[in-house]
Structure formats: C-alpha cells, structure tokens
Peer 1: 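First the structure, then my questions, so here it is.
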Amino acid sequence: MRLTMVGTGYVGLVTGTCFANTGNDVTCLDLDRGKIERLASGQCPIYEPGLPELIRKNIDAGRLHFTADPRQAYEGADIIFICVGTPTGTNGRTDLGAIQQAADDIALVLLDRPRNAPVPVIVVKSTVPVGTTHMVRDRIRAKVGPDLAFTVANNPEFLKEGDAVSDFNRPDRVVIGVEDERTGEVFRDLYDPFVRNGHPIYVMDILSSEMVKYASNNFLATKISFINEMANLCEAFGANINRVREGMCADKRIGHQFLYPGLGYGGSCFPKDTLACVAMGEESGTPVDVSRAVHSTNQRQRERFFNKILSHYGGSLAGKRLAFWGMAFKPRTDDVREAPALTLVRMATAAGATASGFDPVAGDNAKAELGSLLELHGDMYQAASGADAVVISTDWDEFKSPDFARLASVMRTRVIFDGRNLYRRQHLGTLGFHYYSVGRATVTPKG
Ligand code: NAD
C-alpha cells in the first residue's frame with residue numbers, strides 16, 4: 001500500500017518506518033525542512049533505539065521517502081496518517097491547529113487530483129479529543145464538496161518513547177475506529193504482520209477509539225500520582241515505600257507496572273492528556289475529578305522534591321552548585337518535553353544555585369531549553385565535579401551503580417537527592433553520603 005505520514009516526529013517517523021519495513025511504500029511529510037533534509041540523507045533526528053538502522057534499511061530498499069511538499073506526499077496515497085502534535089492550548093484544551101492545517105492541505109490536494117485517482121482513507125493517529133476525527137472529515141468535506149467519496153478513521157498510537165520500535169512491531173493491541181466495516185478490513189490487512197503474536201486488533205466506532213487513548217493514558221497517569229501520594233504518606237509516617245510497593249504489588253489485581261514513586265510523570269503525553277480529559281469534562285458538563293487531582297498531585301511532586309533540596313540548605317541555595325544527572329523525561333529517549341529535571345533546574349537556579357548537568361543523550365535538547373541556566377557536561381563525574389549535591393532526575397542505567405568513591409572524591413560535599421530511588425539507603429550512609437530519596441527516610445552519613 002502507499003502510505004503517507006503527516007508529521008515526522010516520534011510517532012510519524014517510527015510508524016512510517018515500521019510500515020515501510022513490512023513492505024509498504026511510505027512517504028513521511030513534515031513542514032520542518034531541516035528535519036526532512038537530515039532524514040533524506042539517512043540521519044535520524046531523534047534518539048530511539050533501533051530506529052536509525054531501520055530508516056537506512058528502508059531508504060536503501062526504496063520504500064521510505066521524505067518530503068516537505070504536501071502535494072508530493074498526498075498525491076496517490078492509499079492511506080494518509082495524520083501524526084502531528086496536539087499540544088495543550090489555552091485553558092487545558094487541546095490545540096488542534098496542526099490537525100486543522102493538515103486537513104486543509106489534504107483537502108487542497110484532493111480537490112486537484114486527477115479523475116480516477118484513488119481516494120485515500122484519512123486516519124487521525126495523533127491523540128485527539130473525542131469528536132476530532134469527525135471534525136477533520138467535516139472540514140475536508142466542506143472544501144471538496146459532497147461528491148468525493150473519501151473515508152476517515154481513527155487509529156490511536158500506544159508506543160512508548162525509548163521502546164517505540166519494539167512497541168510498534170509487537171503492540172499489546174491495535175485500536176481502529178471506522179465508519180464502515182470495509183475500512184476496518186483495510187486496517188486488518190495493514191496491521192496483520194504486527195499481530196502475528198496473537199495480540200488483538202479491535203475495530204470499533206470512531207468516538208470510542210478516540211476515547212480509548214485518553215482512558216489509557218489517564219489511567220496510567222493515575223497510577224503514577226497514586227503511588228507518589230502513597231510515597232509521601234510513607235515519608236510522613238516513617239514507612240518505606242519500597243516495602244509497601246512489594247507488599248501491595250504482589251496482589252495480582254494490582255501488579256507491578258507503573259507503580260514506581262518518583263518526581264511525577266513528564267513527557268509530551270500524560271501531562272497534556274490528563275488536562276485534555278479535564279477540558280473535555282468541562283466542555284460536556286461531566287466532572288472528571290480524578291484526572292484533575294492526578295494532574296495537581298503530579299505538579300506538586302516536583303515542588304515537594306525541590307523543597308527537600310531547599311530545606312537541606314536552610315532555605316537558600318545561594319552559592320550552591322547542584323549537579324543534575326538525567327535531563328530526559330525518562331530513560332532511553334532524548335525527549336525533554338515536560339521533563340522534571342528542567343523544572344528542578346529552573347527552580348534551583350531561581351533560588352540562587354548554579355546547575356551543571358549530564359544526560360547520555362538528551363543533554364543538547366536540555367541545553368536548548370535551559371540556555372545559560374545549565375552548564376552541560378559530556379560525563380557524569382565531570383558534571384558532579386565541585387558540586388555540593390547530585391540531583392538524580394532520570395533513571396538511566398549508567399546512574400544505577402556509579403563509582404561512589406570516585407563520585408565522593410570529585411564532589412565538594414557528599415549529598416545526593418535521588419528522585420528515582422536508585423540506591424540502597426544503608427549503603428549510601430556507610431559511604432558517608434547524605435541521601436534523600438522518595439517515600440523513604442533520609443539517610444545521614446554514618447560515623
Ligand atoms: P512531535 O512533536 O514529535 O512531531 C510532530 C511533527 O509534526 C513535527 O515534526 C512537526 O513539524 C510536524 N507537523 C506539524 N504540523 C504539520 C503539518 N501540518 N504537516 C506536516 N507536518 C506537520 O509529536 P509526537 O510526539 O510524534 O506526537 C504526535 C501525536 O502522537 C500527538 O498527538 C501525541 O500525543 C501522539 N502520541 C505521541 C506519543 C509519543 O510517545 N511521543 C505516543 C503516542 C501518541
């Protein structure tokens with residue numbers, strides 16, 4: 001099939017590349033010409049394990065193309081996947097500007113298409129408020145007139161950054177919202193190579209399909225805020241969240257996933273998707289109090305952690321040098337959107353500290369956001385050199401078993417604020433560290 005991905009970001013690029021890899025002819029469109037030029041020359045603009053090799057393989061096979069020209073991208077496509085960003089706009093509502101622009105561009109090309117050229121299925125893959133796919137249909141219909149027989153569909157994406165290629169190739173489920181069964185069959189064929197593991201393809205109505213994505217992300221965000229509140233209660237009463245987690249998660253109804261305390265979620269999805277749910281509730285007069293609370297608990301978690309840093313230093317960070325380990329919102333990605341580390345650097349520097357930092361892959365993106373607030377280093381020990389404390393914001397593997405003796409020798413004072421609970425507390429105390437974590441009592445140096 002000839003497929004077009006509109007928006008060549010984390011979702012469009014991974015999806016397009018994986019579809020090309022199963023034999024489809026895929027064109028990825030983006031308005032960002034710089035990104036398209038890099039891709040066309042075989043360079044991957046994002047960090048995503050396994051993706052660069054797959055891009056090169058499929059370019060070489062002649063199945064994967066990149067363009068910044070909407071006409072070239074849309075003409076002759078069997079299916080057009082809209083994968084543009086849907087960030088938070090005003091009052092928590094989703095900004096649908098990029099979706100609307102894509103719809104208008106598609107309509108223009110459809111209007112000019114040669115007679116008897118195929119009419120594409122237009123699929124919204126971006127995460128969108130319920131009703132948006134119908135809005136796209138109506139917007140295109142208003143421009144092309146009643147006689148052109150195009151169809152729309154919704155196909156939410158569930159891949160996780162850092163595991164995006166394997167998630168897309170082996171999804172837990174595929175969800176497709178359609179207006180007619182024939183379109184459903186088109187998608188069953190397209191996704192068949194990805195569900196050979198027996199995992200299901202659910203074909204449903206478009207409104208339910210759009211809602212599946214919000215229900216899933218709001219539930220996952222709820223788990224994170226829930227465990228963070230339990231961790232905070234543990235701190236208040238002297239319990240240890242790690243023990244509580246073990247005892248709680250052994251219950252099969254609860255399970256272990258997404259119940260790790262920390263600095264709260266970041267990234268480009270959970271923060272905006274919880275707010276979007278609250279906004280949909282307001283718009284429809286349907287209270288969604290859980291998502292509202294999940295969001296405010298999440299934002300508070302960072303402030304709470306920052307207050308630990310502040311109170312360790314008696315309320316002022318003037319003259320203090322903090323070394324931040326981890327900038328990405330989670331490991332195995334270079335994405336720093338809504339990353340807790342960025343919030344903490346901004347808070348710490350506003351309170352008078354200087355901030356040095358290291359991230360295995362997201363350093364440049366963090367520097368682009370933080371500018372002179374961050375002194376970026378290419379090595380974790382270099383970043384910690386002369387620091388009064390190390391602040392851990394991302395649980396990258398390389399932070400899990402550092403050389404503590406080396407760390408202690410380069411730091412000014414042995415203090416660690418660990419927002420990811422990476423270390424055994426007793427061990428750190430024995431090594432002479434002052435060690436703060438989440439949901440566990442603080443350790444002071446022994447001896
Ligand atoms: P992104 O910001 O990485 O990429 C979006 C791309 O679209 C950008 O490169 C931008 O230049 C391009 N673009 C914007 N308007 C365009 C237009 N009119 N024509 C062509 N290109 C255009 O975004 P993303 O992280 O890939 O997310 C895309 C959507 O997928 C969002 O709705 C998001 O919620 C959803 N989603 C994201 C993830 C994730 O992990 N990132 C996972 C599942 C779903």
Side-chain angles (χ1 to χ4, degrees), residues 4-18 27-39 44-49 51 66-74 77 80-89 94-109 122-130 132-133 136 139-140 154-168 171-175 209-210 212-214 216-218 220-221 265-277 328-330 332-339 365:
T4 291
M5 316 310 298
V6 190
T8 308
Y10 288 88
V11 167
L13 182 57
V14 172
T15 306
T17 306
C18 291
T27 299
C28 293
L29 167 71
D30 205 288
L31 302 181
D32 180 342
R33 286 183 178 277
K35 190 185 265 190
I36 290 300
E37 278 163 21
R38 286 180 68 188
L39 279 161
C44 183
I46 54 172
Y47 176 85
E48 192 57 58
L51 187 60
F66 298 97
T67 181
D69 176 4
R71 186 163 297 277
Q72 196 183 336
Y74 295 138
I80 296 172
F81 285 89
I82 301 179
C83 310
V84 298
T86 47
T88 304
T94 307
D95 177 351
L96 293 174
I99 295 267
Q100 288 163 343
Q101 186 182 348
D104 292 349
D105 290 347
I106 292 167
L108 272 183
V109 176
I122 297 153
V123 189
V124 176
K125 198 169 204 19
S126 303
T127 304
V128 289
V130 178
T132 303
T133 305
V136 166
R139 201 173 169 99
I140 296 175
N154 181 263
N155 173 213
E157 181 50 59
F158 300 99
L159 62 77
K160 303 183 292 298
E161 287 175 27
D163 296 301
V165 172
S166 60
D167 283 350
F168 193 82
D172 288 342
R173 81 302 207 183
V174 174
V175 172
S209 164
E210 290 171 329
V212 169
K213 178 67 188 177
Y214 280 118
S216 304
N217 273 5
N218 275 255
L220 292 171
Y265 52 77
S268 67
C269 292
F270 292 168
K272 80 173 171 62
D273 293 349
T274 41
L275 286 175
C277 239
F329 82 92
K330 66 174 190 174
R332 293 163 61 81
T333 181
D334 61 353
D335 196 344
V336 298
R337 290 179 282 187
E338 304 279 337
N365 287 344

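The structure displayed is predicted, hence computed values, not measured ones. In each ligand, atom 1 is the first atom listed, and ligand 1 is the first ligand listed.
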Peer 1: Could you go through ligand 1 and list every pair where one of its N or O atoms sits under 3.5 Å from a protein N or O, giving the atom names and the distance to one decimal?
Peer 2:
unit_1	atom_1	unit_2	atom_2	d
ligand 1	2 (O)	R337	NH1	3.2
ligand 1	3 (O)	Y10	N	3.3
ligand 1	9 (O)	D30	OD1	3.4
ligand 1	9 (O)	D30	OD2	2.6
ligand 1	9 (O)	K35	NZ	2.6
ligand 1	11 (O)	D30	OD1	2.6
ligand 1	25 (O)	R337	NH2	3.0
ligand 1	26 (O)	Y10	N	3.1
ligand 1	26 (O)	V11	N	2.9
ligand 1	32 (O)	T86	OG1	2.6
ligand 1	32 (O)	T127	N	2.9
ligand 1	34 (O)	T127	OG1	3.4
ligand 1	34 (O)	K272	NZ	2.6
ligand 1	40 (O)	E161	OE2	3.3
ligand 1	41 (N)	E161	OE2	2.8

Peer 1: Is it the case that the side chain of T4 and the backbone of Y74 share a donor-acceptor pair, with hydrogens and angles ignored and the cut-off at 3.5 Å?
Peer 2: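 Side chain of T4 to backbone of Y74, a donor-acceptor pair under 3.5 Å: no, none is there.
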
Peer 1: Which atom names give the shortest non-hydrogen contact between P156 and N154, and what distance separates them?
Peer 2: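 Heavy-atom minimum between the residues: CD-OD1, 3.2 Å.
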
Peer 1: Distance from C277 atom SG to K272 atom NZ, nearest 0.5 Å?
Peer 2: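 Between atom SG of C277 and atom NZ of K272 there are 11.0 Å.
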
Peer 1: Considering all heavy atoms of both residues, which atom of D334 and which atom of N365 are nearest to each other, and what is their separation?
Peer 2: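 So the two residues come closest at O-ND2, 2.7 Å.
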
Peer 1: Could you pull out the closest heavy-atom pair between Y214 and T94, with the gap in Å?
Peer 2: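 Scanning both residues completely, I find the closest heavy atoms to be OH-OG1, 3.9 Å.
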
Peer 1: How close do E210 and V128 get, counting heavy atoms only, and between which atoms?
Peer 2: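 Of all heavy-atom pairs spanning E210 and V128, the closest is OE2-CG2, 3.8 Å.
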
